[in-house]
Number of protein chains: 4
Amino acid sequence: MPKQVAPDASRRSQTARRAILAAAFDLVGEVGYAKLSIEGIAAAAGVGKQTIYRWWPSKGALLFDAFLALTTEGEDGQTGALPDTGDLAADLKLVLRATVVELNDPRYDQPMRALHTEIVHDPALAADYAKRLDEPMRELKKDRLRAAQRAGQLAEDIDLDVAVDMLFGPVLNRWLQRTGPLNSEYADQVVDTALRGLRPREP
Amino acid sequence: MPKQVAPDASRRSQTARRAILAAAFDLVGEVGYAKLSIEGIAAAAGVGKQTIYRWWPSKGALLFDAFLALTTEGEDGQTGALPDTGDLAADLKLVLRATVVELNDPRYDQPMRALHTEIVHDPALAADYAKRLDEPMRELKKDRLRAAQRAGQLAEDIDLDVAVDMLFGPVLNRWLQRTGPLNSEYADQVVDTALRGLRPREP
Amino acid sequence: MPKQVAPDASRRSQTARRAILAAAFDLVGEVGYAKLSIEGIAAAAGVGKQTIYRWWPSKGALLFDAFLALTTEGEDGQTGALPDTGDLAADLKLVLRATVVELNDPRYDQPMRALHTEIVHDPALAADYAKRLDEPMRELKKDRLRAAQRAGQLAEDIDLDVAVDMLFGPVLNRWLQRTGPLNSEYADQVVDTALRGLRPREP
Amino acid sequence: MPKQVAPDASRRSQTARRAILAAAFDLVGEVGYAKLSIEGIAAAAGVGKQTIYRWWPSKGALLFDAFLALTTEGEDGQTGALPDTGDLAADLKLVLRATVVELNDPRYDQPMRALHTEIVHDPALAADYAKRLDEPMRELKKDRLRAAQRAGQLAEDIDLDVAVDMLFGPVLNRWLQRTGPLNSEYADQVVDTALRGLRPREP
DNA sequence: TCGTAAGCGAGACGGTACGTCCTGTCTTACA
DNA sequence: TGTAAGACAGGACGTACCGTCTCGCTTACGA
């Protein structure tokens with residue numbers, strides 16, 4: 001039961017939609033999350049405010065779509081599987097280092113922080129995010145881990161979600177909270193520590 | 001080099017300060033981060049807006065102080081060391097479960113999310129947070145881990161910061177992003193997995 | 001060259017405009033000039049502050065419009081010519097007595113003082129006032145004086161502006177500065193003295 | 001019945017008093033009436049705000065005192081009688097032209113307009129003004145007119161207050177409302193017209 | 001083929017909050 | 001006790017956006 005009468009999506013102007021998504025992404029990068037306004041996005045996109053309110057329920061949803069559009073409508077080579085050279089540690093380091101590079105890219109810094117904030121405060125958006133962005137990437141990661149299990153490089157009884165959390169969570173946190181330098185050394189350390197575990201080796 | 005001329009802290013009204021911190025904490029819990037306004041805090045605290053602007057540079061700094069006041073001026077038993085029964089896994093599970101309970105406490109939910117958001121967008125605040133809230137608690141955790149090293153329950157060559165990140169990061173992330181249920185089972189899983197590592201046991 | 005980008009007057013809400021003008025006039029009468037605030041007017045008119053700032057450059061301009069609206073959109077019989085019974089002195093006394101009555105009317109007291117103050121401090125507003133309120137009424141007065149000249153009741157070489165100033169100025173001043181009682185006796189005295197002049201009669 | 005307990009005037013700091021009066025006069029000239037603030041005056045005078053509130057009940061009263069101080073403690077040659085050369089018209093023109101010059105002096109423009117405004121809105125201040133500034137000067141003017149009556153240059157049955165109003169009122173109004181150029185020509189015209197009257201000369 | 005109903009750019013509207021400035025009162029420390 | 005200094009509760013300033021609304025205008029569909 002949609003609160004507002006559903007607009008006729010078939011007549012939607014794709015020009016306006018793309019301009020809005022691009023403007024939203026660019027603007028949040030320029031002015032930051034705190035000063036990002038619907039009014040500003042509309043002006044930057046050369047669009048009436050109503051056109052934004054008609055199609056997106058919240059600023060967070062718009063931001064989220066801007067992200068989706070970027071990854072979906074982009075070069076789209078991105079969605080490929082994780083590398084599998086047979087060396088699990090090396091492969092994970094490769095991926096985690098790439099994540100670090102992306103998080104440190106100033107073009108993505110503000111937009112990602114903005115999106116993260118909206119997710120933290122909006123459960124509905126969080127669910128959307130979980131399903132449409134986190135889930136697919138998480139599956140790719142779990143696929144790689146499953147392959148490692150088949151190759152005898154990963155314990156059989158490990159909960160793969162926990163494993164993914166333990167590998168990628170620390171990097172995300174360090175980026176969000178700036179509790180320390182975020183670089184490839186850290187990425188490597190996390191992979192090594194996670195794989196080996198904290199316990200001393202049996203003699 | 002303070003931007004605004006430093007007010008004379010010796011004349012500061014402690015009554016007003018405490019009323020503001022309490023009002024800020026209470027209000028963010030009631031109305032949520034998005035609708036939290038300086039104006040509202042001032043009104044709730046029975047205080048002029050200028051009194052807030054005089055002493056805090058930003059809403060985030062105020063929120064942060066409200067948190068600090070809570071932990072510092074409260075029952076203050078909080079700052080004690082982590083439990084050390086000799087059983088590292090059990091002790092860590094105890095602490096992580098407590099963390100989970102606290103994160104799930106509705107009284108702290110909105111305030112913590114709000115503070116987190118401000119930290120994510122304000123590097124200066126992040127530094128403050130790192131030094132005055134994260135650092136002390138992190139040291140306590142590292143102390144417990146060091147004790148475990150001395151007891152031969154933890155590898156000697158582990159980076160303790162990475163270890164802490166790997167134990168507490170996943171829990172924080174699951175809470176922030178709601179990517180899954182956050183309960184004691186998850187806490188236990190994280191501890192077990194982190195301690196054991198992802199690799200299969202040597203035969 | 002308008003300072004602010006000219007808003008589209010064709011879309012202007014006449015409802016809001018009238019509510020604002022009425023509220024301004026009423027409020028200044030109730031609370032007085034010193035406590036008259038844009039905020040208060042907006043609230044009383046049930047209007048956003050921006051709607052006032054959008055259409056009026058200053059409180060004085062608003063007050064002025066409130067006056068204009070009153071005289072223009074009112075019963076509009078007001079703009080008629082001065083009476084001409086053939087007896088100049090009697091006619092002038094009639095008009096000046098009416099002026100005195102109006103100035104003493106508590107409904108107009110505060111608003112007129114407020115408008116006067118704004119005019120005194122704002123040359124642009126003074127020009128507007130001169131052209132759109134003072135000028136038309138001054139012309140009516142001069143018309144009556146011209147008729148008197150034709151009827152041989154007024155010297156031919158009199159500067160009519162000076163004459164008008166000398167008839168109406170003293171009344172206005174006495175009202176503004178409260179330097180003495182303002183009643184019909186005073187009005188009559190002024191007319192008589194102005195007509196006769198200060199010099200002794202030739203024997 | 002003073003609202004606040006009367007401060008002990010004997011201990012009053014004359015330094016502070018003079019600094020405040022001077023600062024008030026100077027400031028209103030610089031920033032204008034609308035932006036004149038007690039806070040600004042106190043700062044400019046190097047004085048605490050309380051010192052102003054202690055001794056003056058309102059901004060208008062302070063402004064008024066600033067004026068009084070100027071005329072009283074100044075070169076004080078000002079308070080002398082009006083010139084009496086035997087030629088009434090010439091003498092009045094001299095005085096009225098001097099008035100015009102003073103009103104056109106930019107140093108006095110803002111302060112006088114400010115004082116005028118306060119008087120218009122504050123009956124108590126108006127009474128003070130009438131008694132302590134207007135009255136003395138009015139008496140001097142009436143003295144000159146009385147002398148003219150004795151010399152047979154002015155009708156015996158003229159109300160001198162009305163005469164003064166008719167001579168000086170138009171000039172003051174023209175200055176306040178800027179309804180026309182204020183110069184010596186106008187001064188002369190007023191004097192001539194007032195003396196002669198508006199009626200045609202008897203044949 | 002021609003209404004006509006939708007999406008659209010534009011922007012006025014009633015509101016809320018911003019961060020600043022000032023008011024008039026109060027408190028502190030000094031002379 | 002008067003003073004300089006300035007914190008305080010309060011309130012208005014003028015600005016920026018919110019989300020809703022109404023206006024003409026294109027633009028495509030169905031009668």
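The sequence lines fix the lettering, A, B, ..., with proteins before strands; numbering per chain opens at 1.
- Taking the six-membered ring for Trp and the full ring otherwise, the centers of C/Tyr129 and C/Phe67 sit at least 6.0 Å from each other.
- At a non-hydrogen distance threshold of 4.0 Å, nothing from residues 116-128 of chain B comes into contact with DNA chain F.
- Atom OH of D/Tyr53 is separated from atom CG of D/Leu62 by 10.5 Å, given to the nearest 0.5 angstrom.
- Not counting sequence neighbours, the partners of D/Arg107 by the salt bridge (Lys or Arg N to Asp or Glu O under 4.0 Å) test are D/Asp105.
- Scanning for salt bridge (Lys or Arg N to Asp or Glu O under 4.0 Å) contacts around B/Glu30 gives an empty result, with sequence neighbours left out.
- The CD1-P distance, from D/Ile41 to F/dG6, rounds to 19 Å in whole Å.
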So which protein nitrogen or oxygen atoms get under 3.5 Å of nucleotides 9-19 of chain F's nitrogens or oxygens?
residue: F/dA9; atom: OP2; partner: B/Gly48; partner atom: N; Å: 3.4
residue: F/dA9; atom: OP2; partner: B/Thr51; partner atom: OG1; Å: 2.8
residue: F/dC13; atom: OP1; partner: C/Ile38; partner atom: N; Å: 2.8
residue: F/dC13; atom: OP2; partner: C/Ile38; partner atom: N; Å: 3.3
residue: F/dC13; atom: OP2; partner: C/Glu39; partner atom: N; Å: 2.8
residue: F/dG14; atom: OP2; partner: C/Tyr53; partner atom: OH; Å: 2.7
residue: F/dG14; atom: N7; partner: C/Lys49; partner atom: NZ; Å: 2.9
residue: F/dG14; atom: O6; partner: C/Lys49; partner atom: NZ; Å: 2.6
residue: F/dC18; atom: OP1; partner: A/Ile38; partner atom: N; Å: 2.9
residue: F/dC18; atom: OP2; partner: A/Ile38; partner atom: N; Å: 3.2
residue: F/dC18; atom: OP2; partner: A/Glu39; partner atom: N; Å: 2.9
residue: F/dG19; atom: OP2; partner: A/Tyr53; partner atom: OH; Å: 2.9
residue: F/dG19; atom: N7; partner: A/Lys49; partner atom: NZ; Å: 3.2
residue: F/dG19; atom: O6; partner: A/Lys49; partner atom: NZ; Å: 2.6

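- Not a single salt bridge (Lys or Arg N to Asp or Glu O under 4.0 Å) links B/Asp65 to another residue, sequence neighbours left out.
- Judged by a 6.0 Å distance limit and a 45° cone about the ring axis, B/Arg12 is positioned over the six-membered ring of B/Trp55.
- Computed from coordinates, the C/Arg12 CZ to E/dG14 C1' distance equals 16 Å when rounded to whole Å.
- The side chain of D/Trp55 places an N or O atom within less than 4.0 Å of a non-bridging phosphate oxygen (OP1 or OP2) of F/dT3.
- Whole-Å rounding puts the C/Arg17 CZ to E/dC13 C1' distance at 16 Å.
- Each of F/dT1, E/dG7, E/dT28 was ranked by its minimum atom distance to the side chain of D/Arg11; first place goes to F/dT1.
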For this session: Test C/Glu118 against C/Lys59 for salt bridge (charged side-chain N to carboxylate O under 4.0 Å, His left out), laying out the working first.
Result: CA-CA 8 Å; C/Glu118 298 288 357; C/Lys59 203 154 70 181; 5.2 Å; no

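- Legend: residues meeting salt bridge (Lys or Arg N to Asp or Glu O under 4.0 Å) with C/Arg113, ordered by chain and number and at least two apart, are C/Asp109.
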